[in-house]
Protein chains: 2
Amino acid sequence: MNSMETSADTPQMDVYNRIWLSIAERKLKPGTRLKEEQLAEIFSVSRARVRQALSALEHDGLVTLVPHRGAFVSQPSTEEARDIFFARRTIETSLVARLCAAATADDLARMHAHVEEERAARAAGDTKATILLSGGFHLLIGELAGSPYLWEVLRDLVSRTSLIMAMYQTRSQADCGPDEHAEVLEAIRNADAARAQHLMDHHLDHLEGKLDLDDTTEETNDLRDILS
Amino acid sequence: MNSMETSADTPQMDVYNRIWLSIAERKLKPGTRLKEEQLAEIFSVSRARVRQALSALEHDGLVTLVPHRGAFVSQPSTEEARDIFFARRTIETSLVARLCAAATADDLARMHAHVEEERAARAAGDTKATILLSGGFHLLIGELAGSPYLWEVLRDLVSRTSLIMAMYQTRSQADCGPDEHAEVLEAIRNADAARAQHLMDHHLDHLEGKLDLDDTTEETNDLRDILS
DNA sequence: GAATAAATAATTGTAGACAATTTATGTCGC
DNA sequence: GCGACATAAATTGTCTACAATTATTTATTC
């Protein structure tokens with residue numbers, strides 16, 4: 001019942017997941033063009049399957065579909081980036097507050113185990129796992145809050161955040177840092193709702209602060225976008 | 001810049017919107033089978049377009065796609081129904097609190113105009129408009145909060161709520177009632193965040209309370225589901 | 001030599017046909 | 001007459017070929 005696994009049963013979900021993962025891991029950079037035929041060959045599926053996957057990814061905001069031009073890894077604007085963080089603060093501060101009142105011993109154990117896993121991955125220098133686990137902590141909070149719907153929303157927000165980080169991150173490293181997660185966990189353990197909310201809010205602010213969201217230097221790879 | 005209009009530009013979005021509207025208006029009842037060819041003929045489009053629209057509707061939780069059996073208007077379970085209301089409370093209470101601090105005179109005017117419109121529609125006995133406007137008030141709050149992302153989430157939640165109401169509503173009438181909306185608006189006007197949050201929370205509770213979410217009498221139209 | 005315009009090439013969008021699966025109908029045996 | 005099995009119909013899932021659009025290259029003219 002691990003909610004991290006994103007059911008790779010059907011072939012079409014497989015191509016969706018593989019592209020999703022590549023974007024979440026930041027191997028596919030924003031602005032990258034995704035040709036349908038090329039993807040079809042890589043994954044050994046028909047072009048129709050690729051189109052379905054791309055359509056779903058567009059719905060999740062990870063790729064942008066331009067009519068008669070093709071699919072590109074999305075390049076969220078600074079406004080959109082700020083909006084995503086706003087939405088995360090709105091939802092996640094509410095959820096941690098609720099968790100303070102409702103968390104079971106088992107919940108706390110799972111969160112503790114997760115933070116340890118994050119530490120281990122970071123210590124081992126496994127950047128791929130670090131990025132995934134870092135977002136996974138936030139998803140775990142959504143899961144423990146007991147709302148499948150909000151968990152889906154959070155999954156969407158976390159993956160979009162990954163894209164935003166890939167685009168606007170200038171200084172320092174990629175992930176949240178397990179220390180702040182540990183602090184939030186400690187507040188939840190103490191059932192200190194106000195502190196947990198404050199810490200989560202601050203944590204997301206910290207993440208947003210790492211970004212270069214000044215509108216002046218809209219970086220891009222696409223010559224089309226550079227040369228007006 | 002009215003956010004209620006759901007861009008019916010492309011043909012595929014048109015069929016999506018027309019089905020979406022029929023469900024939101026509760027003309028299409030939960031469990032109704034949606035044959036692709038039939039829809040294709042009705043809308044005078046190819047079956048591929050219908051499939052795209054159905055796929056998008058499934059992603060929004062309004063339609064359930066069963067492999068090799070077809071598409072059906074979703075029949076959300078009582079757990080899912082409660083989850084939707086939980087999500088709405090989580091998000092909307094946060095948003096009204098924020099609005100209390102940030103609402104401009106223009107914002108207040110728009111909300112006031114909307115409540116009046118609701119009253120007029122209800123007085124005129126226009127049930128279709130009443131249902132739409134009733135959800136529209138909640139969407140307006142999302143819009144004025146200035147978060148396009150959360151507005152999209154709210155739109156999804158409101159349409160799912162409409163489906164839930166169609167399924168589980170037993171007594172009294174369909175919509176929210178403009179009086180409670182007016183009360184919320186009054187609290188926002190007075191910048192009383194705590195009261196606004198409380199009223200919104202109570203309002204959604206009231207809505208949920210109108211439903212018959214006892215798990216015992218899972219109503220359905222599909223013979224398959226009735227006769228095990 | 002530079003800019004514009006036409007032609008060619010590449011890519012996406014669409015539709016129609018075919019295959020796989022499920023549902024309904026009819027028949028045979030009991 | 002009732003139930004199980006086989007056959008037929010209907011519906012969905014998938015793929016391939018073709019049309020529409022856009023990008024690139026080449027040729028022509030100023």
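Bear in mind that the values here come from a model prediction, so they are computed numbers and not experimental data. In the text below, chain A, chain B and the rest are named by the order of the sequence lines, each starting its count at 1.
Of the candidate nucleotides D:dA23, D:dT12, C:dG13, C:dG13 has the atom nearest to the side chain of A:Arg51. Residue B:Arg47 has its side chain nearest to C:dA17 when only D:dT11, C:dT12, C:dA17 are considered. Closest approach to the A:Lys35 side chain among C:dT11, D:dT22, D:dC15 is made by C:dT11 (side chain taken as heavy atoms from C-beta onward).
Put simply, CD on B:Glu37 is 14 Å from P on C:dA15, counting in whole angstrom units. As rounded to whole Å, 14 Å separates atom P of C:dT11 from atom CG of A:Leu34. Taking atom CZ of residue B:Arg49 and atom C1' of nucleotide C:dT14, one finds them 8 Å apart after rounding to whole Å. Computed from coordinates, the A:His68 NE2 to D:dT21 P distance equals 6 Å when rounded to whole Å. For A:Gln38 and C:dT12, the CD to C1' distance is 14 Å, given to the nearest whole Å. B:Leu54 has its CG atom 11 Å from the C1' atom of D:dT12, to the nearest Å. Taking atom CD of A:Glu36 as the reference point, atom P of D:dT16 lies 15 Å away to the nearest angstrom. Atom C1' of nucleotide C:dT11 and atom CD of A:Glu41 are separated by 15 Å, given to the nearest angstrom.
Between A:Pro67 and A:Ala48, the residue anchored nearer the 5' end of DNA chain D, judged by the nucleotide with its closest heavy atom, is A:Ala48.
For the pairing with A:Asp205, the salt bridge (charged side-chain N to carboxylate O under 4.0 Å, His left out) check across A:Arg88, A:Arg89, A:Arg82 returns one residue only, A:Arg89.
Using a distance-only test at 3.5 Å, with no hydrogens or angles considered, no donor-acceptor pair links the side chain of B:Asp83 to the main chain of B:Glu80. Panel note: side chain A:Ser74, backbone A:Gly61; a donor-acceptor pair is recorded below 3.5 Å.
Between A:Arg69 and C:dT11 there is no side-chain N or O to OP1 or OP2 distance below 4.0 Å. Distances shorter than 4.0 Å separate none of the side-chain N or O atoms of A:Ser46 from OP1 or OP2 on D:dT14.
Classified by interplanar angle (parallel below 30°, tilted 30° to 60°, perpendicular above 60°), the ring pair B:His181/B:His203 is perpendicular.
Counting only heavy atoms from C-beta outward, the side chains of B:Leu34 and B:Leu28 approach each other to under 4.5 Å.
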